[in-house]
There are 2 protein chains.
Amino acid sequence: MADDEVDPAPELDFWSFIELAGRRLREHGFGDGLATQVLLTLNRASDIVTYDLEAAVHRPRGRSWSAFRLLFVTWLAGPLEAKKAAELTGMSRAAVSALSKPLVAEGLLRRTPDERDRRAVLLSLTERGRREMAATFEAQRRRELEWTSVLTETEQRILVMLLDKLITDRHQFDVRGRR
Amino acid sequence: MADDEVDPAPELDFWSFIELAGRRLREHGFGDGLATQVLLTLNRASDIVTYDLEAAVHRPRGRSWSAFRLLFVTWLAGPLEAKKAAELTGMSRAAVSALSKPLVAEGLLRRTPDERDRRAVLLSLTERGRREMAATFEAQRRRELEWTSVLTETEQRILVMLLDKLITDRHQFDVRGRR
DNA sequence: GATAGTTGGTCAATGATTTGACTATTTCAC
DNA sequence: GTGAAATAGTCAAATCATTGACCAACTATC
């Protein structure tokens, strides 16, 4: 039966796949596939950029992407509870706990008991941590600018606005996610 | 009270953090932080949506997000080499190998040796696999529509266009990423 | 103010994915 | 053709993050 042999599509990369997918979904009666295309492209773009930043900026400096995120929010949001750091970075409290251990040992991060709530721990950067973050962020920023420079400033603002809109209005339907 | 330290920012969530970050980066002399904001928002949006789709659609059906992605590309791109499936889904060949094992055992996926290249294996869906994917994708599609319905069709097309632009032109600088 | 329930952080176990080594095959150069 | 280099898939080891259990501390209610 000739249902199985779809033509091998000689040069099938991610982009032609998206097109192919749209066509097939339409054949299967699944509408125009625009929503699928939006989310597929969103995920792919995020993965590619993140992978690049990690590989180009952070791994060479001996840091994981997650460690960078933790240092980054601590750098900018001042002394904050581990719980808050977990929320802002989008990781679990356990992950923050595990990640912070070596960073404290290396002298980048400080953990001070919270006066007001003795269960909690406040995270802040040491002077050394601040210096490293300033340097690391400068490198990351350069890379970010390379990525975003293919868009005009207006396009960048529109992009942010559309992404904001996409995830800010999500309370319309059941939200059980962790953030 | 004189909070000589950084004020604890009572209601600090991801969105106010983005604003705070912009302000702080400006203070530190790092420009307007627009590039940072673009990429931060991109990652966050992708994470939130993906997490939701996995939790709402796939985990309840006993599938991981990765397994779904593998089945999805196999469904739409017909019989394809494991290598190609890895490229399209953005995972490693080893991951495809590992993921496909239980799917074959469950009778959703078929692995047939490639006639032309006896090193390679062709992945395709069984009849049962096709039925499951049709049902699963219908559920995923409904969820996708809920997400994207806060944007007009034009906005969705612009979003895709901007994301395409962001990652298509990346060959300007060193690309060593895996895709 | 005692007690029940909640919350913050940590630990152990689990699951998932990557990298690198290895085998089998193919491709290329001569 | 023959041998060297490259490639597809798999396996083992290592990495990393999540969940759930747990303890300590806080909060609310009686």
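Chain letters run A, B, ... following the sequence lines, proteins first and then strands; every chain starts at 1. None of these values were measured; they are calculated from a predicted model.
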Over its full length, what angle do the end axes of the helix from C:dG1-D:dC30 to C:dC30-D:dG1 make, each axis taken from five pairs and the result rounded to 10 degrees?
30°
In terms of the nearest nucleotide of DNA chain D, which residue is placed more toward the 5' end: A:Asp117 or A:Leu99?
A:Leu99
Do B:Trp147 and A:Ile167 have side chains that approach each other closer than 4.5 Å (heavy atoms only, starting at C-beta)?
yes
Measure CZ/A:Arg111 against C1'/C:dG8 and give the value in whole Å, please.
11 Å
Return a table of donor-acceptor pairs under 3.5 angstrom between the side chains of residues 33-42 of chain B and protein atoms on other chains or two or more places apart.
from	atom 1	to	atom 2	distance (Å)
B:Thr36	OG1	A:Glu144	OE1	2.6
B:Thr41	OG1	B:Gln37	O	2.7

Without decimals, in angstroms, what is the distance between A:Glu87 CD and D:dT18 P?
14 Å
Within the side chain of A:Gln156, is there an N or O that forms a donor-acceptor pair under 3.5 Å with the backbone of A:Thr148?
yes
Kindly indicate whether the side chain of B:Lys84, heavy atoms from C-beta on, has any atom under 4.5 Å from the side chain of A:Leu12.
yes
What ring pair (Phe, Tyr, Trp, His ring centres under 6.0 Å) pairs are there with at least one residue in residues 95-145 of chain B, not counting sequence neighbours?
A:Phe30-B:Phe137, B:Phe72-B:Phe137, B:Trp75-B:Phe137
No-hydrogen, no-angle side-chain donor-acceptor test under 3.5 Å, B:Arg111 and B:Ser100:
yes
Rounded to whole angstroms, how far apart are CZ on B:Arg59 and P on D:dT18?
12 Å
Would you tell me whether A:Ser16 and A:Asp13 have side-chain atoms, one donor and one acceptor, within less than 3.5 Å of each other?
yes
What pairs of nitrogen or oxygen atoms, one from the protein and one from nucleotides 5-7 of chain D, lie under 3.5 Å apart?
from	atom 1	to	atom 2	distance (Å)
D:dT7	O2	B:Arg119	NH1	2.4

Is the shortest heavy-atom distance from the side chain of A:Leu163 to the side chain of B:Arg44 under 4.5 Å?
no
Distance, rounded to the nearest Å, where B:Leu103 contributes CG and C:dA16 contributes P:
12 Å
Going by the rule salt bridge (Lys or Arg N to Asp or Glu O under 4.0 Å), which residues pair with A:Arg141 if we only count those two or more places apart in sequence or in a different chain?
A:Glu138
Working to the nearest 0.5 Å, report the span between CH2 of A:Trp65 and CG of B:Asn43.
5.5 Å
Distance check needed: C:dT17 P versus B:Arg69 CZ, whole Å only.
7 Å
For A:Glu81 and C:dT10, give me the distance from atom CD to atom P, rounded to whole Å.
12 Å
Side-chain touch A:Glu81/A:Asp114, heavy atoms, less than 4.5 angstrom:
yes
Find every protein N or O atom lying less than 3.5 Å from an N or O atom of nucleotides 1-5 of chain C, and list the pairs.
none

So does A:Glu127 have more than 12 non-hydrogen atoms from other groups sitting under 6.0 Å from CD?
yes
Nearest-Å distance, NE2 (B:His58) to C1' (C:dA16)?
17 Å
Is there a side-chain polar atom (N or O) of B:Ser66 under 4.0 Å from OP1 or OP2 of C:dT17?
yes
OP1 or OP2 of C:dT18 under 4.0 Å from side-chain N/O of B:Ser92
yes
Rounded off to whole Å, could you give me the CZ-to-C1' distance for the A:Arg116 and D:dT27 pair?
17 Å
Is the phosphate of C:dT26, meaning OP1 or OP2, less than 4.0 Å from a side-chain N or O of B:Arg118?
yes
Choose from D:dG9, C:dG9, D:dT19 the nucleotide whose nearest atom is closest to any side-chain atom of A:Ala94.
D:dT19
